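The block underneath contains the structure these notes are about, expressed in structure tokens.
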Amino acid sequence: MKAWLQPTLISLIVVAAFIACYVGLQRDPQPHQVPIAVTGGSLPGEIQQALGDAVEVHPAADAAAARHALERHDVVAALGAASPGHLHLDIAGAAGASTTSAVSHLVDAYARGAGAHVTTADVVPLAKHDARGLAGFYVAFGVSLAGFVLGSNVLGLAGIMRLRHRFFLLIGASAAIGAVGAIVVGPVLGAVPAPVVPLVFVLALLAAATAFTTKLLGVYLGPIGLPITTLVLLTVGNATSGAVIGADLLPSAARAVSALLPPGAAVRGIADLSYYNGSHLGGPVITLALWAIAAGILLSLRPRLMRRRAAVA
């Protein structure tokens, strides 16, 4: 009975979690403290009062300062009064269709109430070959999947390969995965306009974080380790990455983990490199490196813990 029950339950949990994450998060996305820069003496206060918690208003000294904040990805839109009864909204298409659409709808609703007209301009547009802004999501998902496959395969090499050689294999293969992913999505397909070398580095870190974590959970938890990795990294991590549904539109629990899981960190890093000159690249790189390093350290401690346990027994 146990031999039948365990794989059946694991399969049911995985399919339920996958559907719940991807479909559930897209059912009714609601903006929550979406950062927008607003210029003008009284306009910032009026926007904050009218739109409430849906936006987080960043008052800007002038239109140039607001646009600079937008181009650095400190905000996702910049709003100002072009003339009496006329508002001008700058958006960043690179922030994602769901986020820019939500901001446009919020500003339009305010403008209708105020009897104003709104003109909109996309000042940070998406790449020509990424019209829907999903290339970052797909490359992060593909690299995460490759890292998972790598880590799960290396699990079976424990009896024929020394630990340090398995580490070398994980590191080398992760670098190769990052290079292939970056070259295909960048120079070959032209969907991600990031510099190739930094993009290789980010994707290699994502592959390493996923591969080392997969191996870690497989070693410490046994057969249940791979399904847990599937749930945490491939399902929850990619669903909450902020690429399909902007992070500012996710439920609170999903927002809390979005940037902390490797796929979410990688999606942010890819976007920063592609459209914002790497202005906020440090956070994603640190997150990815910490996942890979922490998993590597815990794996290296495993033989010592096993020897101590055997000595005590």
Side-chain angles (χ1 to χ4, degrees), residues 21 73 136-137 139-155 163-164 166-179 181-182 194-195 197-221 225-243 247 250 252-274 276-305:
C21 284
H73 205 196
F137 167 77
V139 70
F141 191 97
V143 169
S144 298
L145 182 60
F148 172 78
V149 172
L150 171 63
S152 58
N153 277 277
V154 171
L155 273 172
L163 180 61
R164 67 173 179 272
R166 279 176 272 151
F167 273 35
F168 293 151
L169 172 58
L170 288 171
I171 294 169
S174 294
I177 290 169
V197 173
L199 182 60
V200 169
F201 181 64
V202 169
L203 295 183
L205 280 178
L206 173 60
T210 308
F212 274 95
T213 302
T214 300
K215 180 168 172 57
L216 172 72
L217 295 179
V219 166
Y220 276 84
L221 301 181
L226 294 183
I228 290 176
T229 306
T230 302
L231 288 173
V232 174
L233 297 187
L234 298 184
T235 302
V236 176
N238 282 292
T240 63
S241 65
L250 294 172
S252 57
R255 284 198 308 274
V257 302
S258 178
L260 300 178
L261 295 176
V267 165
R268 285 161 174 76
I270 294 167
D272 275 339
L273 283 172
S274 299
Y276 303 105
N277 297 313
S279 56
H280 296 284
L281 186 61
V285 166
I286 291 171
T287 299
L288 293 170
L290 285 176
W291 273 86
I293 292 169
I297 291 173
L298 291 173
L299 281 169
S300 66
L301 292 176
R302 176 69 172 175
R304 187 178 304 175
L305 294 175

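Note that these values count all heavy atoms, side chains included, but never hydrogens, waters or copies made by symmetry. Since the structure is predicted, the reported quantities are computational estimates derived from the model, not experimental observations.
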Using a 3.5 Å cut-off and no angle test, enumerate the donor-acceptor pairs between side-chain atoms of residues 204-215 and protein atoms at least two apart in sequence or in another chain.
{"residue": "Thr210", "atom": "OG1", "partner": "Leu206", "partner atom": "O", "Å": "2.9"}
{"residue": "Thr213", "atom": "OG1", "partner": "Ala209", "partner atom": "O", "Å": "2.6"}
{"residue": "Thr214", "atom": "OG1", "partner": "Thr210", "partner atom": "O", "Å": "2.7"}

Check residues 225-239 and write down every donor-acceptor pair under 3.5 Å in which the side-chain atom is one partner and the other belongs to a residue at least two apart or another chain.
{"residue": "Thr229", "atom": "OG1", "partner": "Gly225", "partner atom": "O", "Å": "2.9"}
{"residue": "Thr230", "atom": "OG1", "partner": "Leu226", "partner atom": "O", "Å": "3.0"}
{"residue": "Thr235", "atom": "OG1", "partner": "Thr230", "partner atom": "O", "Å": "3.0"}
{"residue": "Asn238", "atom": "ND2", "partner": "Leu233", "partner atom": "O", "Å": "3.4"}
{"residue": "Asn238", "atom": "ND2", "partner": "Leu234", "partner atom": "O", "Å": "3.1"}

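Val200 and Ala182 make their closest contact through CG2-CB, 3.4 Å (heavy atoms, listed as atom of the first residue, atom of the second, distance). In this structure, Phe137 and Ala243 approach most closely via the heavy-atom pair CB-CB, 3.3 Å. Of all non-hydrogen atoms in Leu170 and Gly151, the two that sit nearest each other are CD2-CA, 4.3 Å. Between Leu299 and Leu163, the shortest heavy-atom contact is O-CD2, 4.0 Å. Contact between Leu273 and Ala194 at its shortest, heavy atoms only, is CB-CB, 3.7 Å.
In this structure, Leu150 CG and Ser152 OG are separated by 8.0 Å, a value rounded to the nearest 0.5 Å.
Counting heavy atoms from C-beta outward, Leu281 and Val202 have side chains that approach closer than 4.5 Å.
Under the rule for a ring pair (Phe, Tyr, Trp, His ring centres under 6.0 Å), Phe148 has no partner lying at least two apart in sequence or in another chain. Remark: Arg255 engages His32 in a side chain to side chain donor-acceptor pair (under 3.5 Å) (not counting sequence neighbours). Residues passing the side chain to side chain donor-acceptor pair (under 3.5 Å) test with Ser258, sequence neighbours excluded: Arg268.
Counting only residues at least two apart or in different chains, side chain to side chain donor-acceptor pair (under 3.5 Å) contacts with residues 276-287 comprise Asp74-His280.
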